[in-house]
Structure formats: structure tokens, C-alpha cells
Amino acid sequence: MQQTPFLWPIRIYYEDTDAGGVVFYANYLKFFERARTERLRAMGYEQDELRNQEGILFVVRSVQVDYLSPARFNDLLQVSAEVTLIKNASLTFTQAVARGDEVLATGLIRIACLDANTLRPKVIPKYLLEQLKNEH
């Protein structure tokens with residue numbers, strides 16, 4: 001069964017734009033981060049609680065972004081956050097920023113699960129892995 005994609009709305013403010021009036025390229029990383037965080041929140045998990053209760057952190061391991069078309073002030077965008085690869089201690093997200101049907105940027109983001117104290121790789125808790133696999 002195909003799962004409904006997770007989408008998070010983002011409004012573009014002046015602070016998001018550069019001198020040319022378009023969204024500054026690095027801000028897309030922020031938009032991707034917000035969507036991933038909100039996806040976890042929609043599943044019932046807060047990252048600070050995972051750190052405090054499970055002793056884990058999710059950190060970006062690698063990013064690949066393709067910029068296809070610019071976003072501008074006051075645009076209302078949708079940012080997707082789809083888990084496309086699940087491993088014991090990492091997740092890969094395929095993400096996109098779109099304005100209506102037009103895709104403006106795509107991203108492939110690899111997330112590592114780390115022990116909050118040692119900052120070494122740590123297995124994602126079984127209950128969270130299972131829920132991610134069921135939604136995958």
C-alpha cells in the first residue's frame with residue numbers, strides 16, 4: 001500500500017531571500033530539517049525527548065541538493081520528507097521543496113543515529129525502527 005507523503009508548509013519571508021530576491025541556497029537545508037523534525041513529531045516523537053529518554057541524537061551525515069528553480073518572497077511552499085532507506089543506525093530521506101506542482105529543489109539527506117554521550121553510532125530504538133518501516 002502506498003503511504004501518503006509527508007508534507008510541511010513553509011512561507012518565504014524577506015529574511016529567507018538574498019540580495020537577488022530569491023531564497024538563499026542554504027535556507028533549503030533549514031526547510032528540509034524542519035520537515036524531517038515535523039515528520040518525527042507527527043509520529044509522536046520529539047528529538048529532545050529521544051535525547052533525554054533514549055540517549056540518541058539524529059545528525060546529518062551527508063547532503064546532496066539539486067536546485068531546479070528559485071523560490072521568492074511570500075511563496076507558500078510544501079516540503080516533503082520521505083524515508084527511502086532504513087538501516088539499523090541510519091536513515092536516508094528523499095526530500096523536495098515545491099510550489100504547487102513545480103519542484104524547486106530536491107535533496108537526498110543521510111541521517112545517522114548517535115549516542116548522545118559518546119557521539120558514536122548507535123542503533124535506532126527497535127520501536128522507532130518498526131514504526132518507520134511500517135510507514136515506509
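Keep in mind it's a predicted model, so treat the numbers as computed, not measured.
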Q: List the steps and the verdict of side-chain contact (heavy atoms from CB on, under 4.5 Å) for Phe93 and Arg36.
A: CA-CA 8 Å; Phe93 283 83; Arg36 290 192 310 274; 3.5 Å; yes
Q. Same cluster or not: are Leu114 and Val60 linked, directly or through other Ile, Leu, Val, Met, Phe, Trp or Tyr residues, by side-chain heavy atoms under 4.5 angstrom apart?
A. no
Q: Answer with yes or no whether the hydrophobic clustering places Leu77 together with Val65; edges join I, L, V, M, F, W, Y residues whose side-chain heavy atoms lie under 4.5 Å apart.
A: yes
Q) Does atom OH of Tyr14 have more than 12 heavy-atom neighbours from other groups under 6.0 Å away? A) no
Q) Just by distance, do the side chain of Asp18 and the backbone of Gly21 share a donor-acceptor pair under 3.5 Å? A) yes
Q: Determine whether Arg72 and Thr17 make a side-chain contact, defined as any pair of heavy atoms from C-beta on separated by less than 4.5 Å.
A: no
Q: May I ask whether Ile56 and Val83 are part of the same hydrophobic cluster, defined by side-chain heavy atoms of I, L, V, M, F, W, Y residues being less than 4.5 angstrom apart, directly or through others?
A: yes
Q. Does atom CZ of Arg120 have more than 12 heavy-atom neighbours, drawn from other residues, nucleotides or ligands, at distances under 6.0 Å?
A. no
Q: State whether Glu135 and Arg39 are salt-bridged, where the test is any N-O pair (Lys NZ or Arg NE/NH1/NH2 against Asp/Glu carboxylate O) under 4.0 Å.
A: yes
Q | Side-chain donor or acceptor of Ser80 paired with backbone N/O of Ala96 under 3.5 Å | A | yes
Q | side-chain hydrogen bond (donor to acceptor under 3.5 Å, both in side chains) between Tyr45 and Glu54, worked out | A | CA-CA 11 Å; Tyr45 303 105; Glu54 299 291 340; over 6 Å; no
**Q.** Separation of Glu38 CD from Ile10 CD1 (nearest 0.5 Å)
**A.** 8.5 Å
Q. What about the rings of Tyr13 and Phe73, do their centers lie closer together than 6.0 Å?
A. no
(Q) Could you measure the distance from the CD atom of Gln95 to the CG atom of Leu7? Nearest 0.5 Å is fine. (A) 11.0 Å
**Q.** Leu108 side chain near Thr94 side chain, heavy-atom distance below 4.5 Å
**A.** yes
Q: Report whether Phe24 and Val63 are members of the same hydrophobic cluster (ILVMFWY, side-chain heavy atoms less than 4.5 Å apart, transitive linking).
A: yes
Q) What is the ring orientation for Phe31 with Tyr28, classed by angle as parallel under 30°, tilted 30 to 60°, or perpendicular over 60°? A) perpendicular
Q) What distance do Phe6 atom CZ and Met43 atom CE have between them, rounded to the nearest 0.5 Å? A) 10.5 Å
Q) Just by modelled atom types, is the Ala71 backbone N or O under 3.5 Å from a matching donor or acceptor in the Asp75 side chain? A) no
(Q) Taking Val59 as the starting point, is it possible to reach Leu119 by hopping between hydrophobic residues whose side chains are less than 4.5 Å apart? (A) yes
Q | Closest heavy-atom pair and its distance - Phe32, Gly107 | A | CZ-N, 3.8 Å
Q. How many angstroms lie between CZ in Arg61 and CD1 in Ile111, if you round to the nearest 0.5 Å?
A. 11.5 Å
Q | Straight-line distance of Lys122 NZ to Phe58 CZ, nearest 0.5 Å | A | 11.0 Å
(Q) Applying the side chain to side chain contact (heavy atoms under 4.5 Å, CB included) criterion to Leu91, which one of Leu85, Ile109, Leu128, Ile124 satisfies it? (A) Ile124
Q | Shortest non-hydrogen contact between Pro70 and Leu104, atoms and distance | A | O-CD2, 4.2 Å
Q) Any sub-3.5 Å donor-acceptor pair from Asn27's side-chain atoms to Val23's backbone N or O? A) no
Q) Does a side-chain heavy-atom distance below 4.5 Å link Ser62 with Arg110? A) yes
**Q.** Presence of salt bridge, Glu102 and Arg99, under 4.0 angstrom
**A.** yes
(Q) Once rounded to the nearest 0.5 Å, what's the spacing between atom OG1 of Thr92 and atom CD1 of Ile86? (A) 9.5 Å
